[in-house]
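To keep things clear, I will list the structure first and then write my remarks on it.
Every chain is numbered from 1 and lettered A, B, ... according to where its sequence line falls, protein lines coming before strand lines. Note that the structure is predicted; figures quoted are calculated from it, not measured.
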Amino acid sequence: MTTLDERLSAARAGGRRALVPYLMAGARPDWTRLLEAAVAGGADALEVGLPFSDPMMDGPVIQEAGLAALAAGTTLDSVCAELGALDLGVPLVAMTYCNVVYHYGLERAAGRLREAGVLGTILPDLALEEIDSWAAVCDAGDLATVLMVAPSTPPERVARVAARSRGFVYAAARMAVTGAADGLGDGVAVVERIRAVSPVPAYLGIGIASPEQARAAATAADGAIVGSALVRRVLDGASPEQVETFVRGLREAIDAP
Amino acid sequence: MSVMGAPDGRGRFGEFGGRFVPEALVPACLELESAFTEAWADPAFVAEFHQTLRLFGGRPTPVTPLARLSERLGLRVYAKREDLAHTGSHKINNVVGQALLTRRMGKGRVIAETGAGQHGVATATAAARLGLDCTVFMGEVDTRRQELNVFRMELLGAKVVPVTTGSRTLKDAVNEALREWVTCVADTHYCLGSVMGPHPFPWMVREFQRVIGDEARAQLEDLGVGVPDVVVACVGGGSNAAGVFAGFADTRARLVGVEAAGGSAIGHGAPGILHGMRSMLLQDEFGQIEEAQSISAGLDYPGIGPEHAHLAASGRAQYVEISDDEVLDGLTLLSETEGIIPALETAHAVAWVAGAAGNELAPGATVLLNLSGRGDKDVAQVRALMRGGG
């Protein structure tokens, strides 16, 4: 199995702008079909949310999806069991909060996720200063630790965050929690700050909702992350075909000459 | 680290504390840490803090010998009267400190979370005093339980935002305040109400609250009591307890924190990460945070400040719990014997002292009870509970 770094670097070397949709595991019984639909629509990687009761970095849409997933009994084990049975053909990155993996046990959680085919993790409440123990476990297990750079991150700190990030750097386009918004916010400046200090791919997310925004984000950065706009459709009952169509719309916008 | 000294460089008290926040908030936490460290070492700031508490906050609050309660219980009980502080609880100490710090950092707005409404009212009060804009996040359930406090905050010029996510109580108000802070951190300070959250909040809030313990220690000396055998305080997040404990941590006094049985993070929790800190938390087998259940909105919190988790782990302080049923007995006991109606939160500590008298507390033991807040805000609820047979 290759690492997230290898997979994403290979894509970038090929000149491809990455599209990374986010879906909440367990938000609907057919959630794995939605992952497949997103891949069919042109996703280069998938961000898979593992629900947490108190998601401080998430806005109302992903909160709602998380609560639905928890109400359905979704756990790290149940997600890994279902993911392990899939062959999606794109890298998976799990996004959750510290307590989910700390409570499970760091080594055990890293092992379980890797075994299920997950290549990276995003723990938005795990800042650089606190990452050492989780990073050591992930490094040893070929699990990428994706870190976030925010508009508020000072340049000196951008360098340290980027150096510790694996796979890609999550560039936050604005000072906000997840949720649809207009434009790219501070995204271009954030990506420039990352580019100035690091060769690691930067994917722009937070408030990227439309095909136009996805194109702009994937042009400014190496890729675009689209979460709440997709999850909103899932919560509103979009079929797998409709999810595929939405993702394809993003893909085509990004790839348009 | 000395007992109740400064945390280590990463904001740890033993294995608890730290700074588990989104990257967007890290620079603000670092800025706050350095601003507080500088301010707290600046005699002019410290003088302004104490002067504001004196001229505006009603400090020093007295220590009152509780003669009739003592006779009833066979103890020597003294109350540190935070109920007499401006806005009716110890909360004013912390908000005055943070509001002054907000101004010193050049920010013009504060946001806060509140449970019972005490911290929200206190924040709105300090914001009005210093001319800061103020928005308070309050669980929707709590806005109904404490609707007069909502009106108080509005009278004070604050905006109150009902929080409709999750359990709609204090835990969710903190989540929403943190989410809001991400969007406005450049010009807004998050005036956190207890010794919790990411570093430096647990340390900073305890330092602003230690005036309780420092005053009480000197006052007990003046009364000829000296160091009491026991110092007892109720604990939700734990700011009044941390404040009073800080004055006695280096003595032989036994320190007792009283949690609500339905929110007992030490008694029933496990180590975990929530709201920016590693501490003891009520959570299920999958690490999902559980909702606390308490008669008092102020103790309705599934966690506890990290320093308390450390004091419990190290054995320096002891944490006990009191059920909702015992709370009303504590409230009526203090009201009838001493003419002081305590807040429901505070009544937990009263109830523990009453229950421990004669067994855990030897006859004649001296007890300092931190009377953290007055019960005016709870009177309607207490009446309803009593009429309902509760």
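- Here the side chains of Q63(A) and N175(B) are not in contact, with every heavy-atom distance at 4.5 Å or above.
- Using a 4.5 Å cut-off between heavy atoms, E285(B) contacts chain A through its backbone alone, with no side-chain atom that close.
- Across all non-hydrogen atoms, the minimal contact from C98(A) to F20(B) is SG-CD2, 4.0 Å.
- For A172(A), no part lies near chain B; criterion is any non-hydrogen pair under 4.5 Å.
- The greatest number of non-hydrogen atom pairs below 4.5 Å with chain B, out of D58(A), L128(A), D77(A), I131(A), is found for D58(A).
- Taking all atoms of both residues into account, the shortest heavy-atom contact from T183(B) to A176(A) is CG2-CA, 4.0 Å.
- P22(B) places a side-chain heavy atom less than 4.5 Å from the side chain of M56(A).
- H103(A) approaches D284(B) most closely through the heavy-atom pair NE2-O, 3.3 Å.
- The contact between F52(A) and chain B is made by backbone and side chain atoms together, counting heavy-atom distances below 4.5 Å.
- Proximity to chain A is limited to the side chain of V185(B), based on heavy atoms less than 4.5 angstrom apart.
- Of the possible polar contacts, none joining the E23(B) side chain to the V149(A) backbone as a donor-acceptor pair under 3.5 Å is found.
- Contact annotation for T153(A): both backbone and side-chain heavy atoms come within less than 4.5 Å of a heavy atom of chain B.
- For the set L25(B), I289(B), L178(B), the entry with the most heavy-atom pairs within less than 4.5 Å of chain A is I289(B).
- Among L67(A), L76(A), L70(A), L126(A), the residue with the largest count of heavy-atom pairs under 4.5 Å with chain B is L70(A).
- With hydrogens and angles ignored, the 3.5 Å screen pairs a side-chain donor or acceptor of R179(B) with a backbone N or O of P55(A).
- Note that CG of N99(A) is 9.5 Å distant from CZ of R278(B), once rounded to the nearest 0.5 Å.
- Note that CG of D54(A) and CD1 of I273(B) are 13.0 Å apart. Values are rounded to the nearest 0.5 Å.
- The residues R10(B) and E130(A) are annotated as salt-bridged, a charged nitrogen and a carboxylate oxygen being separated by less than 4.0 angstrom.
- Counted within 6.0 Å of CD on E129(A), heavy atoms from surrounding residues, nucleotides or ligands total more than 12; the atom is thus considered enclosed.
- When heavy atoms are compared at a cutoff of 4.5 Å, P27(B) approaches chain A solely by way of its side chain, counted from C-beta outward.
- Closest approach of A24(B) to S152(A), counting heavy atoms only: O-OG, 2.8 Å.
- Environment of CG in D182(A): sparse, with no more than 12 heavy atoms of neighbouring residues, nucleotides or ligands closer than 6.0 Å.
- Only the side chain of R157(A) comes within less than 4.5 Å of a heavy atom of chain B; its backbone N, CA, C and O stay farther away.
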